[in-house]
Protein chains: 2
Amino acid sequence: MATIGDVARKAGVSRSTVSYALSGKRSISAETRERIHEAIIELGFTPNAGARALATSQTMVIGLFVNFFADEFSPAMLQYVLPISDVAREAGYDILMVTETDGPQALRRIASSDMVDGIVLLNVAHNDARIPVLRQARQPGSMVGLPSNTDGVDVFDLDFEESARILVEHLRVRGHRSIILVTPQQHVFERGGAYAWRFRDAALERASRYGIQMFSYAGETRQPAVNRQLNEILDARPEATAMIVHNDAAIAALPSVLHDRGIGVPDDLSVVGIFSEEFGRLFSLPYTAVETSPDELGRSAVQALVRRMVDPAGAGEYAVRFVEPRITDRGSTR
Amino acid sequence: MATIGDVARKAGVSRSTVSYALSGKRSISAETRERIHEAIIELGFTPNAGARALATSQTMVIGLFVNFFADEFSPAMLQYVLPISDVAREAGYDILMVTETDGPQALRRIASSDMVDGIVLLNVAHNDARIPVLRQARQPGSMVGLPSNTDGVDVFDLDFEESARILVEHLRVRGHRSIILVTPQQHVFERGGAYAWRFRDAALERASRYGIQMFSYAGETRQPAVNRQLNEILDARPEATAMIVHNDAAIAALPSVLHDRGIGVPDDLSVVGIFSEEFGRLFSLPYTAVETSPDELGRSAVQALVRRMVDPAGAGEYAVRFVEPRITDRGSTR
DNA sequence: TTAAGTTGTCGAACCGGTTCGATAGTGAGG
DNA sequence: CCTCACTATCGAACCGGTTCGACAACTTAA
């Protein structure tokens with residue numbers, strides 16, 4: 001493989017001149033520049049990334065740390081990853097994707113060996129063990145999901161409290177007084193997925209304020225348990241006139257369950273959910289829902305990160321930004 | 001950040017001694033090793049990845065090139081990516097995931113700047129423009145999907161011809177003489193996704209050999225077109241007693257479409273498909289199907305690649321390996 | 001005519017590791 | 001006691017870039 005030295009020799013200049021011709025950081029005469037470019041083309045020269053990283057202390061790579069839980073409903077994850085990858089590339093960065101089970105250790109390994117210039121965390125839990133590691137790291141960090149301590153990092157998340165209020169309100173004004181709530185899986189609570197209780201607690205609070213009965217269930221994860229559970233719930237709560245579903249697996253399974261039971265939406269039951277537009281299309285979900293905006297969250301996280309990587313000093317205070325929930329009315333309530 | 005020089009100074013030895021203590025490539029006295037390790041711990045030293053890459057010409061990173069088509073049914077992709085990431089890590093490699101639209105250019109950029117030691121291609125098309133670039137690269141390459149020219153690369157794919165024969169045969173022995181075939185989307189054919197016509201052509205061939213009527217349709221991609229099309233097909237071919245679906249979006253939508261039409265499986269219609277076990281569970285698909293084994297394919301691709309990276313000479317001939325299709329009988333035929 | 005830029009280029013140092021060759025010290029074998 | 005082999009360590013070179021300081025040649029201003 002051709003090195004900058006080969007180019008220099010072929011063009012009859014010094015290595016530094018080639019470097020300056022490439023970076024434009026010092027002026028180079030037009031003819032020299034021309035000769036250098038010819039040599040580069042002829043030799044097919046591309047700067048070696050490792051050498052450049054060593055010299056500049058910049059890798060132009062972003063570390064993306066994703067938790068994949070085997071027992072979780074995974075297709076939604078991709079909706080975060082792809083926009084992140086796209087935005088990063090637009091800014092000139094590549095993505096090192098890390099999916100190790102032991103997140104903190106992986107993060108330590110990658111960060112301390114200086115493989116990346118910045119770090120994006122997905123799936124952040126309330127007391128996420130990756131956060132202290134991230135805070136120790138030299139690289140700036142940005143994340144999707146709300147941790148308990150947000151010092152020194154940029155945080156992006158949906159406003160789940162407000163989402164819950166919007167949905168309860170949507171049903172309340174239509175006269176519903178008895179509502180089933182399906183929350184995320186039990187282990188999401190256990191693992192500290194704050195969005196789970198932020199949504200649930202706000203929904204319960206809002207319901208109790210208006211004297212609305214609310215039956216809360218932690219959803220199942222996998223088939224066939226999901227279907228079975230939905231049926232059990234519907235059996236147990238015949239008085240409920242509406243359902244709020246904050247659970248991807250459950251809402252994906254709901255159409256067939258309701259269909260099997262002969263329950264019409266919205267005639268027999270009003271249904272609202274919280275999922276992304278893309279997810280809804282994938283599963284053909286006909287339900288009014290709050291949009292979770294995974295692409296906006298992913299994009300924002302990377303953009304904030306890039307700002308800090310480019311200008312570590314001038315990027316301003318660290319911030320927590322909540323995306324405002326928007327409701328999409330698909331006519332599944334009345 | 002601490003460098004190997006800092007460690008050396010603190011331990012009172014030379015830099016090379018620290019390096020040898022770490023790599024074990026030369027013998028080091030127990031006490032020196034002890035002092036070095038203490039210094040490493042105290043300083044929190046981790047070797048700089050760029051410097052190491054420069055010195056060893058090894059990055060310990062694998063480039064994973066994925067094509068995401070906006071109009072495609074995406075959740076299946078993750079089933080390849082995760083096992084690949086897992087296997088790579090077990091072998092000590094991290095994953096640089098590249099999702100750029102312009103695959104060939106991205107590949108050239110990454111490969112020629114020596115950011116990775118090896119390359120995995122997903123979604124490989126018949127005349128995939130990434131293949132010639134890969135062949136020029138210094139790094140060995142491995143892929144999932146069958147290209148027209150397999151020189152100099154390792155190829156892994158499901159045996160789609162055999163899969164089609166198995167499914168047709170499964171229906172034939174049960175007496176079906178009129179079968180609907182739903183193939184991948186039209187643009188998969190156009191883009192050269194060989195698996196699409198390999199499956200279709202083998203199915204048609206096998207059907208015609210036995211005088212079975214087969215109605216072939218290229219499926220739609222997104223809702224609500226998918227549902228509409230399925231209904232149209234069923235309207236148009238009332239004489240069909242069975243259906244073979246080689247299309248993720250279509251088979252995911254099929255249960256609700258059949259349910260709406262009051263068509264019972266297998267009483268009114270026999271249905272078989274070709275999808276992964278994981279995909280089937282995700283969408284609660286009750287259909288007999290050939291398993292597509294994305295994890296086995298992903299794992300194999302990485303394993304072959306690792307073998308070549310570790311020992312570029314002794315990894316043997318380049319090979320095309322087809323995974324043998326296994327049928328999972330879920331009782332959706334008779 | 002000289003002092004003070006400006007432009008274009010070079011050489012050397014540096015980034016942080018790895019690895020080769022040399023060497024001092026130690027123990028065994030003759 | 002001498003030689004030989006082996007162990008433990010060091011210094012220097014190298015990987016392939018970037019960047020700083022110096023400097024020659026050429027302008028421009030005084």
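In what follows, every chain begins at residue 1, and chains take the letters A, B, ... in the order their sequences are listed.
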* Any cation-pi pair here, A:R308 with A:Y318, using under 6.0 Å and within 45°? -> yes

* Structure fact -> Outermost contacting nts on DNA chain D, any atom under 4.0 Å from chain A heavy atoms, listed 5' then 3', are D:dG16 to D:dA22

* Asked: A:S19 near the nucleic acid: base, sugar-phosphate alone, or nothing, with a heavy-atom cut-off under 4.0 Å?
  -> base

* Asked: Nearest 0.5 Å, what's the CZ-CD1 distance between B:R33 and B:I40?
  -> 11.5 Å

Each nucleotide N or O in nucleotides 5-8 of chain C that has a protein N or O under 3.5 Å away: list the pair and distance.
{"from": "C:dG8", "atom 1": "OP2", "to": "A:S27", "atom 2": "OG", "distance (Å)": "2.8"}

* Give one of base, sugar-phosphate or nothing for B:T56, where a contact means two heavy atoms less than 4.0 Å apart. => sugar-phosphate

* To do: Report the distance from atom CG of B:L43 to atom CD1 of B:I4, rounding to the nearest 0.5 Å.
  => 12.0 Å

* Can you measure from CD (B:Q79) to CD1 (B:I84) and round to the nearest 0.5 angstrom? => 12.0 Å

* Asked: Would you call A:D154 and A:M143 a side-chain contact if the rule is heavy atoms closer than 4.5 Å?
  -> no

* Passing candidate, side chain to side chain contact (heavy atoms under 4.5 Å, CB included) with B:V18, options B:I36, B:D6, B:I28 -> B:I36

* Taking for each residue the nucleotide of DNA chain D with the nearest heavy atom, is it B:Y20 or B:R15 whose nucleotide lies nearer the 5' end? -> B:Y20

* Looking only at atom types and distance, does a side-chain atom of B:N123 sit under 3.5 Å from a main-chain N or O of B:N67, one as donor and one as acceptor? -> yes

* To do: Sorted by first residue and then second, give each ring pair (Phe, Tyr, Trp, His ring centres under 6.0 Å) pair with at least one member in residues 5-38 of chain A; sequence neighbours left out.
  => none

* To do: Find which nucleotide of DNA chain C each of B:A2 and A:R33 is nearest to by heavy atoms, and output the residue with the more 5' nucleotide.
  => A:R33

* Contact class for A:T46 vs. all strands (heavy atom < 4.0 Å): base, sugar-phosphate, or nothing? -> sugar-phosphate

